[in-house]
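The next block holds one structure in the form of structure tokens; read it before the comments.
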Amino acid sequence: MTYSGQVTVGGPADVHELKDLMITKIAVGPMNNNAYLLRCRATDEQLLIDAANEAATLLGMIGDDGIASVVTTHRHGDHWQALAEVVAATGARTYAGRDDAEGIPVRTDVLVDDGDTIRVGRVDLTARHLVGHTPGSIALVYDDPHGHPHVFTGDCLFPGGVGNTHKDPKAFASLIHDVETKIFDVLPDETWVYPGHGNDTSLGAERPQLPEWHARGW
């Protein structure tokens, strides 16, 4: 089956099969959050991005192999509702951006800074600190050695715009700057974007809209 990235709450997960990594996307909770399960194909180690909601659904997706780690992209409550239960069930190591960890009511084992490497098996993910939606939001970049990059953007980049900055001009200026300099300026158009809610996109699909985003201020 061809991966589409289109999932709905209560519906099946969608699986993106890469040579070294399997990415399973599922939608959970009343705010239609995306959670992503990454599995290293060489070691079968797994990592979860955003234990957002519906712990039983997430644990069913994780399966008997468990997860080694769970990364929370940012402090907003809709992205960690199932975190405590998932960690209790799996013993997973927790990661979050240094400047958001205090807003997440589950202990963060590893405070993440810009440029840090987070590993799942033999696969390396690079954390990018994107300031504006929250002070400590992080995106994770997988630079696939066999193809184009993949980036998990939390609520910092969606189809059609950057994340909500609540009409704060300084927050918007910060977020659009970080998204441009750390994502658009260094990654190619083919880069696949996996957001915290809704459908996937690519940098190539979004790049022509950057001037419009600047002009409208959100």
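Small disclaimer: the values here were computed from a predicted structure and weren't measured.
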Query raised in the report: Can a salt bridge be assigned to the pair Asp20 and Arg41 using a cut-off of 4.0 Å between side-chain N and carboxylate O?
Result: no
Report task. Would you please indicate if the ring centroids of His214 and His177 are separated by under 6.0 Å? Result -> no
Query raised in the report: With distance as the sole criterion, is a donor-acceptor pair present between the side chains of Tyr3 and Asp200 under 3.5 Å?
Result: yes
**Report entry** More than 12 heavy atoms of other groups within 6.0 Å of Gln209 CD
**Finding:** yes
Query raised in the report: In terms of hydrophobic clusters joined by side-chain contacts under 4.5 Å, are Val7 and Ile49 together?
Result: no
**Report entry** Nearest non-hydrogen partners of Val186 and Thr181, listed with the distance
**Finding:** CG1-O, 3.7 Å
Under 3.5 Å, side-chain donor or acceptor atoms of residues 132-142 against the rest of the protein: list the pairs with distances, not counting sequence neighbours.
residue, atom, partner, partner atom, Å
His133, ND1, Asn164, O, 2.8
His133, NE2, His76, ND1, 3.1
Thr134, OG1, Asp100, OD1, 3.4
Thr134, OG1, Asp100, OD2, 2.6
Thr134, OG1, Ser137, N, 3.2
Thr134, OG1, Ser137, OG, 2.6
Tyr142, OH, Asp144, OD1, 3.4

Query raised in the report: Centroid-to-centroid, Trp192 to Phe152, below 6.0 Å?
Result: no
**Report entry** Euclidean distance, Leu38 CG relative to Ile118 CD1, rounded to 0.5 Å
**Finding:** 10.5 Å
Report task. Take Lys182 and Asp114 through the test salt bridge (Lys or Arg N to Asp or Glu O under 4.0 Å) and record every step on the way to the result. Result -> CA-CA 10 Å; Lys182 297 180 181 181; Asp114 188 59; 3.6 Å; yes
Report summary line: Between the CG atom in Leu203 and the CG atom in Leu157, the distance rounded to the nearest 0.5 Å is 7.0 Å
Query raised in the report: So with a 6.0 Å cut-off around CH2 of Trp218, is the heavy-atom count from everything else above 12?
Result: no
Query raised in the report: Can you list the steps and then say if Glu45 with Arg122 is a salt bridge (Lys or Arg N to Asp or Glu O under 4.0 Å)?
Result: CA-CA 9 Å; Glu45 184 172 295; Arg122 299 178 187 169; over 6 Å; no
